[in-house]
Amino acid sequence: MIDRAPPAGRTALVAAGATFALGLALASPWPDDWDAVGFVRAVTDFDLARFQPHPPGYPVYVALARLANTLTHDPVRACGACSALGLALAVWALARGASSRAGVACATALALASPELMLAATSARSDALGLGLGALAVGLGAFASHPRDGALVGAILALGAGARPSLAVCVATALALGAVRHRARPRVWAAGALAFALVCAAWLTGLIVASGGVAALVAQTRRQAAGHFGDWGGSVLTRPDARERALAIARGIFGYGLGLTASFAGALRGFVWAALTAHGARVDPPRARWIAALVLPYALYAAVAQNVFDSPRHLLPVALALITLAERGGEDLLARVKRTPVRWSVFAGAAVLVALPAAETARVHRTREPPGVLAARYVATQGAHAQLMLFGGRSARVAEWAGVRALPRTLMGEVDVTLERLDRLPRVVFVTDEVRGRERGRGTLYPGRRFCRDARVDHTAPCVTVHRYDILTPRDVGR
């Protein structure tokens with residue numbers, strides 16, 4: 001049976017509960033980007049054709065967010081609650097394997113010290129929930145000894161796959177490693193595989209029904225895949241430079257994932273992380289080998305197929321693996337400090353040092369509005385709602401959520417064509433710098449206002465400039 005009362009089990013539950021409360025308190029009150037707006041809208045109106053959310057649909061995350069919305073009556077807060085739950089599950093999975101309260105404290109502090117994990121845990125996106133469910137399944141699977149345990153692990157793993165389908169490589173690897181680990185107890189693995197298949201079938205059936213049938217789901221998924229791998233997805237097919245990708249991966253894991261920066265404090269944090277991780281691998285080689293076997297296939301997949309430039313959240317599984325090893329190293333080192341006051345003083349100093357970047361990231365994310373929201377507020381002051389229109393890229397979708405008439409467009413020619421087809425032209429038109437070919441527009445583009453947020457929070461587009469676009473003569477107004 002799974003050990004349901006490990007040495008620090010109750011403390012781990014308390015840590016997970018406190019982490020969940022922290023995630024709720026720090027949740028951003030705004031959707032940050034295109035994907036986040038899609039998740040928020042899916043809570044009340046699921047439509048893959050309108051990217052609510054984007055394919056392949058994330059059915060478990062959306063279903064849980066809808067359930068949370070019955071309590072919050074606010075789709076943004078509902079999505080934030082799901083992300084906070086993911087962080088709590090990840091902390092519980094890490095802390096549950098600790099053998100002491102010091103180990104639980106280490107696991108909690110190191111998880112909260114990851115800027116990208118904190119960003120995911122306070123955003124309206126599915127990353128944290130999928131990661132938390134996956135981590136919990138792996139953590140429980142390490143101790144499964146009965147078919148009932150295997151079934152529980154398989155069901156949780158399937159929920160993780162439904163919350164974050166892009167973790168499919170990790171899921172497949174976990175299933176394969178489970179077969180190896182439990183080869184002497186095949187019934188445990190078989191029960192897990194059966195539960196996994198049944199739960200996956202359940203959420204896949206719901207997804208098919210909500211999408212309008214198998215053909216519609218396949219068509220929308222193919223359209224998403226074509227764009228991801230052909231136009232904008234940031235895979236090796238669209239951005240093949242090996243050196244550029246390697247630097248982006250290193251920045252995503254060590255910079256955004258662990259909070260290392262080019263400063264003296266960043267160097268100290270790097271020393272602490274390196275020492276803890278190396279010591280963890282040295283004192284627990286089996287754990288290090290299993291973690292490497294689980295994460296390396298996904299790391300290779302992410303390096304080739306994911307957008308590691310603008311979305312370092314895709315590298316969170318790798319960062320969490322390093323955190324797991326660092327937790328083991330930190331617990332062992334703290335156990336060697338015999339005097340309790342000294343032990344906790346050392347822990348507190350190291351925790352503050354490594355957690356500073358994550359704390360600042362969470363603060364900015366909670367208190368500073370995204371550029372799209374700032375742009376919407378500016379545009380709204382320029383006239384009546386019906387007389388305004390904004391064209392842009394990713395920020396336009398956020399601005400539309402914020403209450404401004406906005407349409408996503410890629411090229412300036414598309415903006416002109418859209419305006420020509422309107423029955424009634426808006427009095428004032430704005431175009432963001434995300435639209436390409438602005439110099440070839442038919443009207444006059446005036447210098448605009450620039451809105452920014454910290455690049456540690458907005459990796460893709462920390463700034464957006466809003467230009468006024470004048471294509472009207474006095475007799476055109478109100479046509």
Side-chain angles (χ1 to χ4, degrees), residues 1-4 56-61 63-64 86 89-90 92-94 96-97 126-208 217 221 225 284 286-306 314-325:
M1 298 287 289
I2 291 177
D3 181 5
R4 304 187 189 279
Y58 307 87
V60 172
Y61 179 84
L64 189 59
L89 292 177
W92 188 35
L94 287 173
R96 196 179 183 282
S126 66
D127 305 89
L129 182 62
L131 189 67
L133 287 168
L136 181 61
V138 171
L140 293 176
F143 301 99
S145 59
H146 189 277
R148 287 196 299 264
D149 302 334
L152 175 63
V153 171
I156 295 173
L157 194 62
L159 291 175
R164 188 67 183 166
S166 63
L167 295 178
V169 174
C170 276
V171 170
T173 307
L175 288 172
L177 291 177
V180 174
R181 188 178 186 90
H182 297 291
R183 58 186 179 275
R185 293 186 295 249
R187 293 179 59 191
V188 175
W189 184 88
L194 177 61
F196 176 83
L198 291 175
V199 175
C200 283
W203 61 249
L204 183 58
T205 301
L207 178 60
I208 291 172
L217 176 59
T221 303
D284 197 347
R287 177 186 292 202
R289 287 193 294 268
W290 281 105
I291 289 175
L294 176 64
V295 171
L296 282 178
Y298 176 81
L300 293 174
Y301 159 75
V304 173
Q306 293 285 23
H314 292 306
L315 297 167
L316 270 175
V318 183
L320 188 62
L322 296 176
I323 291 172
T324 304
L325 286 177

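Source: prediction; values computed, not measured.
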Minimum-distance pair of heavy atoms, taken over all atoms of [X] and [Y]:
| X | Y | result |
| --- | --- | --- |
| Pro56 | Leu217 | O-CD1, 4.3 Å |
| Gln306 | Tyr301 | NE2-OH, 3.4 Å |
| Pro59 | Trp203 | CG-CE3, 3.4 Å |
| Thr324 | Arg287 | O-NH1, 3.6 Å |
| Ala158 | Cys200 | CB-SG, 3.6 Å |
| Pro317 | Val295 | O-CG2, 4.1 Å |

List for me each residue that meets side-chain contact (heavy atoms from CB on, under 4.5 Å) alongside Arg289, sequence neighbours excluded, and say none if there are none. Pro285, Pro286

Using a 3.5 Å distance criterion without hydrogens, assess whether the side chain of Trp189 forms a donor-acceptor pair with backbone atoms of Leu175.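 Checked: pair present.
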
Going from [atom1] on [X] to [atom2] on [Y], what distance comes out if it is rounded to the nearest 0.5 angstrom?
| X | Y | atom1 | atom2 | value |
| --- | --- | --- | --- | --- |
| Leu140 | Asp149 | CG | CG | 8.5 Å |
| Thr221 | Leu207 | OG1 | CG | 7.5 Å |
| Trp290 | Leu177 | CH2 | CG | 5.5 Å |
| His146 | Arg187 | NE2 | CZ | 7.0 Å |
| Leu157 | Leu152 | CG | CG | 11.0 Å |
| Leu94 | Leu89 | CG | CG | 11.0 Å |

Are Trp92 and Leu136 close enough that some pair of their side-chain heavy atoms sits under 4.5 Å apart? yes

Quick one: does Arg164's side chain get under 4.5 Å of Leu129's, heavy atoms only? no

